[in-house]
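What follows is a short report on a single structure.
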There are 2 protein chains.
Amino acid sequence: MKLNMPTEFAEASADETRHHLLDAAGAVFAEVGFRDATVREICRRAGANIAAINYHFGDKETLYLEVLRYSHGKALEKYPPLMGVPADAPPEKKLRAFVHSLLLRIFDKGPTSWHGKVMLREMIEPTEAMDSLIEERIRPMASQLWQIVSEIMDLPMNDERVRLCSFSVVSQCVFYHHCRPVVTRLIPNELPQDAASIEHLADHITKFSLAAMKHLPTAKR
Amino acid sequence: MKLNMPTEFAEASADETRHHLLDAAGAVFAEVGFRDATVREICRRAGANIAAINYHFGDKETLYLEVLRYSHGKALEKYPPLMGVPADAPPEKKLRAFVHSLLLRIFDKGPTSWHGKVMLREMIEPTEAMDSLIEERIRPMASQLWQIVSEIMDLPMNDERVRLCSFSVVSQCVFYHHCRPVVTRLIPNELPQDAASIEHLADHITKFSLAAMKHLPTAKR
DNA sequence: ACATAATTCAAACAAGTGTTTGACAAGTCA
DNA sequence: TGACTTGTCAAACACTTGTTTGAATTATGT
């Protein structure tokens with residue numbers, strides 16, 4: 001195996017096919033899923049030999065995990081939850097930013113969107129990765145949203161209504177991700193294609209939720 | 001093939017294995033998905049021969065489609081969309097019934113819940129079965145909801161705001177199904193366990209949505 | 001009872017899968 | 001240079017898949 005350090009040239013060459021495999025695999029996995037993706041197709045797109053995957057990654061499943069690791073950290077880095085809205089901004093503005101950034105992450109094209117599909121798989125068969133992912137990435141965002149909603153509704157953060165309404169906000173965003181196959185078939189061209197229509201959708205969700213939270217019968221006693 | 005009408009007994013016997021296949025297939029599809037489900041495993045659980053699926057359904061894919069129809073039909077039969085609310089009832093009552101029955105279907109235990117799991121898998125990797133299922137099952141329910149929402153908002157059924165708000169309603173319901181692993185880890189014991197807590201959740205979603213639709217800035221001109 | 005149809009069954013089939021092999025070229029370092 | 005490692009390649013391997021086959025079995029209608 002790799003006992004000697006390769007030279008810069010050899011390293012570059014090896015990393016090159018490795019990188020091509022990662023890119024091709026990401027595309028194929030995203031298109032047809034892990035099970036229907038064939039190593040032959042991945043290698044064909046990568047311009048590599050059929051044995052390349054087993055040589056560079058061991059097996060198909062390790063390649064899958066490597067692709068995940070590759071696209072994992074990019075989503076939040078590209079679209080931070082509050083998108084530069086100052087901390088002393090009114091909560092309505094923060095909510096709008098929160099919704100918008102979530103939608104941008106969902107509708108983003110390229111390797112970033114890959115993470116979403118994997119999360120969907122985790123919903124069906126959660127792995128150990130789920131627990132750490134919840135604590136490291138999701139809970140902080142949830143707390144952020146609870147804070148915003150509690151300000152808007154003028155209720156304590158641990159109030160049940162704050163949690164329920166926060167879920168109502170998030171659910172409207174992830175719906176377009178989780179139910180994309182249904183939405184596209186039910187109403188073609190309904191899903192946002194460009195930045196403007198994403199903003200339009202963010203507007204609807206924000207206004208819908210604000211109207212609900214401010215006029216909910218039980219919002220204030 | 002079947003040219004003669006079989007007697008009641010033979011028909012019962014034939015339908016029996018057919019039914020066993022549907023049940024076993026529903027369980028297996030829900031557990032591992034269409035692609036990873038093998039006809040051998042399904043037939044083994046059904047106590048049938050390996051050729052039974054091809055004999056009774058033609059091929060694996062038709063069986064899958066039949067399972068989707070079968071399970072969704074059972075779910076709708078158990079929890080009809082409007083749950084006996086009269087046609088001349090106020091739209092608010094209908095919305096509440098629509099939400100409640102959808103939640104009941106989502107949180108139902110037993111064979112009925114297969115449909116939800118299989119549908120969730122369809123979201124990740126849609127098969128051809130999805131198209132016919134949309135037209136036969138989902139579109140009628142969508143029309144029903146659009147009708148209700150258009151009455152509530154006093155807008156024509158084909159108005160974009162009606163569609164958006166309808167999605168907002170449905171999304172809050174399916175959220176608890178699609179994101180169950182996240183919700184349970186984020187807030188233990190948040191998910192409804194009994195009929196009373198399901199009603200509680202139905203109350204929140206209905207009130208939240210009604211407040212939103214009635215106070216949406218653009219709802220009425 | 002008999003011919004016919006419907007159903008079940010074990011075995012085999014054809015196609016596709018991920019993986020392994022062994023040879024070969026190229027680069028590395030003594 | 002020459003032993004050694006790294007990377008690539010075509011071919012083949014071992015295995016699983018859904019499906020088909022043809023005979024055996026059971027039920028049906030006259």
Side-chain angles (χ1 to χ4, degrees), chain A residues 1-29 31-68, chain B residues 1-29 31-68 118 121 125 127-129:
Chain A
M1 319 306 167
K2 297 184 186 179
L3 294 180
N4 271 13
M5 261 324 208
T7 65
E8 307 85 76
F9 184 74
E11 183 179 9
S13 171
D15 270 11
E16 197 174 342
T17 66
R18 212 187 118 97
H19 195 262
H20 285 165
L21 283 173
L22 280 173
D23 279 340
V28 175
F29 283 143
E31 284 173 21
V32 299
F34 175 76
R35 191 57 164 74
D36 281 335
T38 68
V39 298
R40 282 170 175 79
E41 172 66 11
I42 294 173
C43 291
R44 192 190 62 76
R45 292 202 202 180
N49 185 264
I50 314 188
I53 286 180
N54 295 89
Y55 178 78
H56 286 280
F57 298 94
D59 55 13
K60 182 187 174 185
E61 194 164 331
T62 305
L63 168 66
Y64 179 76
L65 293 179
E66 289 290 328
V67 171
L68 282 202
Chain B
M1 314 305 168
K2 297 183 186 180
L3 294 180
N4 272 12
M5 259 327 205
T7 64
E8 310 83 76
F9 186 74
E11 184 179 8
S13 171
D15 269 13
E16 197 174 342
T17 66
R18 212 188 118 95
H19 193 264
H20 284 165
L21 283 174
L22 280 173
D23 279 339
V28 175
F29 283 143
E31 284 172 21
V32 301
F34 173 77
R35 202 63 166 71
D36 282 333
T38 69
V39 298
R40 282 170 174 80
E41 171 66 11
I42 293 173
C43 291
R44 192 190 62 76
R45 292 203 201 180
N49 186 265
I50 312 188
I53 286 181
N54 296 88
Y55 178 78
H56 286 280
F57 297 94
D59 55 13
K60 180 188 174 185
E61 196 165 328
T62 306
L63 167 66
Y64 181 70
L65 181 59
E66 290 290 324
V67 167
L68 279 180
V118 178
R121 293 186 183 276
E125 292 157 32
T127 69
E128 296 78 15

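Chain letters run A, B, ... following the sequence lines, proteins first and then strands; every chain starts at 1.
Among the nucleotides dT19(D), dT19(C), dC9(C), the one closest to the side chain of V39(B) is dT19(D). Residue I50(B) places its side chain closer to dT19(D) than to any other of dT19(D), dA10(D), dG7(D). Of the candidate nucleotides dT21(C), dT19(D), dT8(D), dT19(D) has the atom nearest to the side chain of K60(B). Taking only side-chain atoms of N54(B), from C-beta outward, the nucleotide of dT19(D), dT8(C), dT20(C) with the closest atom is dT19(D).
Considering CD1 of I42(A) and OH of Y64(A), their distance stands at 11.5 Å, rounded to 0.5 Å. A distance of 12.0 Å separates CZ of R18(B) from CG of D23(B), quoted to the nearest 0.5 Å.
In this structure, L63(B) atom CG and dG18(D) atom C1' are separated by 12 Å, rounded to whole Å. Going from atom CZ of F34(A) over to atom P of dT17(C) covers 13 Å, rounded to whole Å. In this structure, CZ of R44(B) is placed 15 Å from P of dC9(C), rounded to the nearest angstrom. In this structure, Y55(B) places its OH atom 15 Å from P of dT26(D), rounding to the nearest Å. For the pair I53(B) CD1 and dC9(C) P, the interatomic distance rounds to 13 Å; values are reported in whole Å. Here dT16(D) presents its C1' atom at 15 Å from CD1 of I42(B), a figure rounded to the nearest Å. If you take CZ of R35(A) and P of dT17(C), they are 10 Å apart, rounded to a whole angstrom. Atom CG in D59(A) sits about 14 Å away from atom C1' in dT17(C), given to the nearest Å.
In terms of polar N and O atoms assigned as donor or acceptor, the side chain of R40(A) never comes within less than 3.5 Å of the base of dG16(C) in a complementary pairing.
In this model, the phosphate group of dT8(C) is approached by a side-chain N or O of T17(B) to a distance below 4.0 Å at OP1 or OP2. Within the 4.0 Å cut-off from OP1 or OP2 of dT16(D), not a single side-chain nitrogen or oxygen of T38(B) is found. The phosphate of dA10(D) has OP1 or OP2 within less than 4.0 Å of a side-chain N or O from N49(A).
Considering only heavy atoms from C-beta on, V67(B) comes within 4.5 Å of L63(B) through its side chain.
Here the side chain of K60(A) pairs no donor or acceptor atom with the backbone of N54(A) at under 3.5 angstrom.
Across all non-hydrogen atoms, the minimal contact from C43(B) to N49(B) is SG-O, 3.2 Å.
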